[in-house]
Structures are given as structure tokens and as C-alpha cells.
Amino acid sequence: MPGHAPPLRRGWTTGTCATAAAKAAYTALLTGSFPDPVEVTLPGGGRPAFSIAKTEIGDGFATAGVVKDAGDDPDVTHGALILATVRRGPRRSGVTFRAGEGVGTVTKPGLPVPPGEPAINPVPRQMMRAAIAEVAAAHGDDGDIEIEIAIPGGEALAAKTLNGRLGIVGGLSILGTTGIVVPYSCAAWIASIHQGIDVARAAGLTHIAGATGSTSEAAVQKLYGLPETALIDMGDFAGGMLKYVRSHPVPRVTIAGGVGKMTKLAQGLLDLHSRRGQVDLNVLAALAESAGGSGALAARILASNTAAEAFAHAEQAGIPLGDAVARAAQATAQAAVAGRSIEIEIAVFDREGRLVGRAPFAPAHAAPPRKRRR
């Protein structure tokens with residue numbers, strides 16, 4: 001229809017690209033030639049085909065490369081070359097994996113693969129094993145091989161991800177659960193939140209802090225002297241973090257953010273992105289009045305352009321609006337983890353990282369009792 005944007009194009013995970021490269025390389029190791037394009041089977045049953053961007057056969061090895069296409073998703077690995085080098089492994093070793101250039105190694109417990117292993121997640125491993133088994137069956141081979149995955153420039157790209165904080169050193173992770181990248185689904189961000197919580201729990205931490213951005217993260221880290229492992233890059237996904245914490249409890253959780261994001265949480269919003277809802281100045285005005293503010297202050301807040309301007313009016317009037325916002329945000333967060341032994345704290349920071357509101361640690365409310373059937 002006129003005026004409608006075309007649908008966003010889906011892409012392929014690093015795991016799918018690695019599988020295509022590994023299948024092509026193994027085929028070449030057995031036959032001397034690379035299939036191009038090469039088909040792989042996705043976990044959901046689809047069979048996409050991939051062009052081969054690089055090939056090399058040497059003494060006892062074959063290498064194939066696939067360029068990652070993330071579709072319309074703003075993925076840090078979009079356009080990266082995913083290389084798979086296949087070599088013979090010891091008899092009855094099955095398929096083993098090695099991290100090449102630009103692929104990380106796991107160093108902390110709590111991730112889907114144990115410390116010391118290449119950062120290749122379980123689903124991509126299974127996809128590659130299935131592809132190797134398919135080729136081995138077609139050519140009567142035993143399929144005992146080593147797959148080395150490399151991403152040239154991956155270590156530099158990994159600096160733009162949370163891998164360092166998660167204890168993945170030396171490069172990127174090979175990821176994917178469906179094999180498909182859905183544009184702007186933010187699945188990777190949510191997954192990194194989950195992994196961050198898993199790593200913190202495995203390290204025995206009893207206090208984590210989820211922050212909406214770099215300023216609030218630096219401020220809350222300084223406030224408590226928290227280790228990197230305790231910091232969760234929550235972004236706008238307060239609900240996503242709290243939902244996971246509810247099923248994977250940590251005794252104390254601080255939610256830290258700027259005045260706008262924390263106002264949205266106070267309004268009852270768990271997705272803090274601008275597309276999900278705007279700051280409601282009526283809520284801020286009401287909270288200011290509940291904190292002792294005058295009707296004149298409420299009027300100035302209602303006429304404000306931003307939450308920051310509203311906070312400035314309240315500060316000028318000596319009204320602790322930040323604390324009122326923090327308490328209301330705390331109630332939203334507590335409801336999300338109701339019934340669990342989790343204490344929630346809210347810390348509100350301004351753009352300079354100054355603490356302008358706080359609701360101290362308090363336990364989540366008990367889950368409402370179920371009604372008995374008569």
C-alpha cells in the first residue's frame with residue numbers, strides 16, 4: 001500500500017553461517033570441491049542456501065567462509081566473514097570445536113558452555129554436528145572431525161558487545177537458537193541480560209544492578225563499588241530483567257536509570273523504550289504533590305517539556321520528586337517479582353550521574369493469595 005514501509009528483511013545468525021561454512025569445508029575435505037551454494041537445515045526445519053565467499057584446501061584441512069547477512073537488524077557482526085576450517089579428528093572423537101581468530105573462549109561459569117570451551121553456543125554446535133552427520137552419511141565417512149571457527153576482526157567487534165563482562169575473552173560468540181535474525185527483536189540483548197544474571201549467580205553474587213544506560217551504570221557501580229560481573233546492561237528491558245530474576249533469583253537487585261526512564265517505570269511501564277510510551281507529566285505532577293509540592297509546582301511540571309525540566313522545577317522548590325518517583329518505580333518492579341525473596345532498590349540519576357532519587361532496598365510483596373474454589 002502507498003505510504004507503507006516495506007517489511008524488514010530477516011537475516012542469519014552467526015551459528016547458521018558457521019554451519020554453512022563448516023558443511024562446505026567438510027564436503028571439500030572429502031571430495032576436493034566446495035558446494036556453492038550450500039544448504040543447511042535450521043532448527044525449525046527450513047533449508048536456506050548460502051554462497052561461499054572464501055575457499056582453501058591444504059594439507060589435511062579445508063576452509064570455507066560465509067559472509068554474515070543480518071538482514072535489516074543493526075547487528076555488530078553484519079558483513080563479517082565467518083570461517084570454518086575442518087580437519088580430521090581422532091577416531092571416534094565425533095565433532096569437536098576450536099576457537100580460531102576472533103572467536104572468544106569462555107572463562108566464567110554460568111554460560112551455556114563451560115569455562116575453557118570456545119564460545120560456540122549449544123544450538124550452533126548441534127546444527128554443525130547435524131550438518132557434518134548429513135555429509136558423512138552421504139560419503140560413507142565416520143565424521144570424526146575438528147571444526148575451527150574464526151571471524152577475522154572479531155576481537156575488535158567483540159569490544160562493542162558484553163562479551164568481556166560475561167567472561168568471554170578473545171572475540172565474539174557464535175550464537176543462535178532459531179538460526180534466523182529477526183530485525184529489532186532485541187533477542188540478542190535479552191539473551192545477554194539472561195547470561196549476565198547467570199554469570200553473576202554462578203559467581204555467588206548476592207547483589208546485581210541493572211542500568212538503563214552508561215551514565216547510570218557508572219554511577220551505581222561507584223555508589224556500591226560493584227564488580228563488573230554484578231552490572232547488568234538492562235537498557236530499556238526492565239521487565240525482561242525482572243522476569244528472569246523472578247525465576248533465577250538474586251537476593252538484592254538495584255535498578256538504576258535516568259529521570260525519564262525511571263518515571264516510565266513509576267508509571268507502571270516495564271518496557272522503557274520511547275516507542276512503548278512517553279513520560280506522563282500528569283503522573284509527575286501528582287507525585288510532586290504527594291511529596292508536599294504546591295499546586296503551582298504541579299502546574300509548572302505539567303508545562304514542562306521533559307522529565308528533566310520537571311525534576312529541575314521540583315528541586316528548585318525543595319520537593320524530593322526523585323524519591324517519590326523511585327518509590328512508585330519500586331512498586332512496579334516489586335510486583336514483577338512478587339512471591340520471591342528478592343529485595344528491590346531504585347536509584348534515579350541525572351545526566352551528570354548525580355543521585356537525585358532513591359527507594360532503599362525493600363522485599364517484594366507476597367504474591368496475591370489464590371481464591372479457593374467452593
Side-chain angles (χ1 to χ4, degrees), residues 162 165 189 192-193 196-197 200 205 207-242 245 250 252-274 276-281 283-285 287-288 290-291 293 297 301 304-334 336-337 342-362:
L162 296 174
R165 179 173 296 172
W189 197 321
S192 72
I193 291 172
I197 293 166
L205 299 186
H207 180 196
I208 61 172
T212 58
S214 56
T215 299
S216 54
E217 181 178 91
V220 76
Q221 182 178 29
K222 185 177 178 183
L223 185 65
Y224 283 108
L226 292 171
E228 281 279 310
T229 308
L231 302 175
I232 308 298
D233 189 3
M234 178 185 75
D236 293 324
F237 303 105
M241 183 186 77
L242 290 166
V245 165
V250 178
R252 300 187 123 198
V253 178
T254 299
I255 296 178
V259 296
K261 303 282 189 187
M262 291 301 95
T263 297
K264 291 181 187 180
L265 190 60
Q267 292 166 207
L269 299 175
L270 287 167
D271 183 338
L272 308 180
H273 195 278
S274 57
R276 299 297 186 195
Q278 301 297 322
V279 167
D280 188 338
L281 293 171
V283 170
L284 279 179
L287 286 171
S290 74
L297 172 60
I301 288 174
S304 298
N305 286 321
T306 63
E309 185 185 344
F311 268 70
H313 288 314
E315 186 175 11
Q316 217 168 24
I319 297 301
L321 178 59
D323 291 343
V325 166
R327 285 191 297 272
Q330 186 182 49
T332 300
Q334 286 172 329
V337 294
I342 300 168
E343 292 192 358
I344 299 286
E345 176 196 47
I346 304 293
V348 186
F349 297 96
D350 65 13
R351 289 193 182 102
E352 284 70 52
R354 185 172 57 104
L355 186 66
V356 295
R358 195 175 194 176
F361 284 109

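Counting begins at 1 with the first residue of the sequence. Just so we're clear, the structure is a prediction, and the values are computed from it rather than from any experiment.
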Q. Does K222 pair with E217 as a salt bridge, N-O distance under 4.0 Å?
A. no
Value rounded to 0.5 Å, distance of [atom1] in [X] from [atom2] in [Y]:
X	Y	atom1	atom2	answer
S192	M234	OG	CE	12.0 Å
E228	R165	CD	CZ	4.5 Å
S216	K261	OG	NZ	10.0 Å

Whether [X] side chain and [Y] backbone form a donor-acceptor pair below 3.5 Å:
X	Y	answer
E309	N305	yes
D236	D271	no
Q330	I344	yes
T254	E345	no
Q221	A209	no
Q267	Q278	yes
K264	L272	yes

Q: Give the ring-plane orientation class for Y224 versus F361, where under 30° counts as parallel, over 60° as perpendicular and anything between as tilted.
A: tilted
(Q) Are F311 and T306 packed together at the side-chain level, in the sense that at least one heavy-atom pair is separated by less than 4.5 angstrom? (A) no
Q) Do V253 and I342 touch side chain to side chain, with heavy atoms closer than 4.5 Å? A) yes
Non-hydrogen atoms of [X] and [Y] that approach each other most closely:
X	Y	result
G260	A307	CA-CB, 3.9 Å
A288	I319	O-CG2, 3.7 Å
D233	W189	O-NE1, 2.7 Å
A256	V220	CB-CB, 3.9 Å
G196	I232	C-CD1, 3.6 Å
A291	P320	O-CD, 4.1 Å

Could you point out which residue of [options] forms a side chain to side chain contact (heavy atoms under 4.5 Å, CB included) with [X]?
X	options	result
I346	T332, D323, L265	L265
I208	L226, L231, V250	V250
F349	L355, T215, T212, V356	L355

Q. Should D350 and E315 be marked as a side chain to side chain contact (heavy atoms under 4.5 Å, CB included) after you check the CA-CA gap, both sets of side-chain angles, and the distance that decides it?
A. CA-CA 12 Å; D350 65 13; E315 186 175 11; over 6 Å; no
Q: Evaluate the criterion side chain to side chain contact (heavy atoms under 4.5 Å, CB included) for residue pair M262 and I255; output intermediate values, then yes/no.
A: CA-CA 9 Å; M262 291 301 95; I255 296 178; 4.0 Å; yes
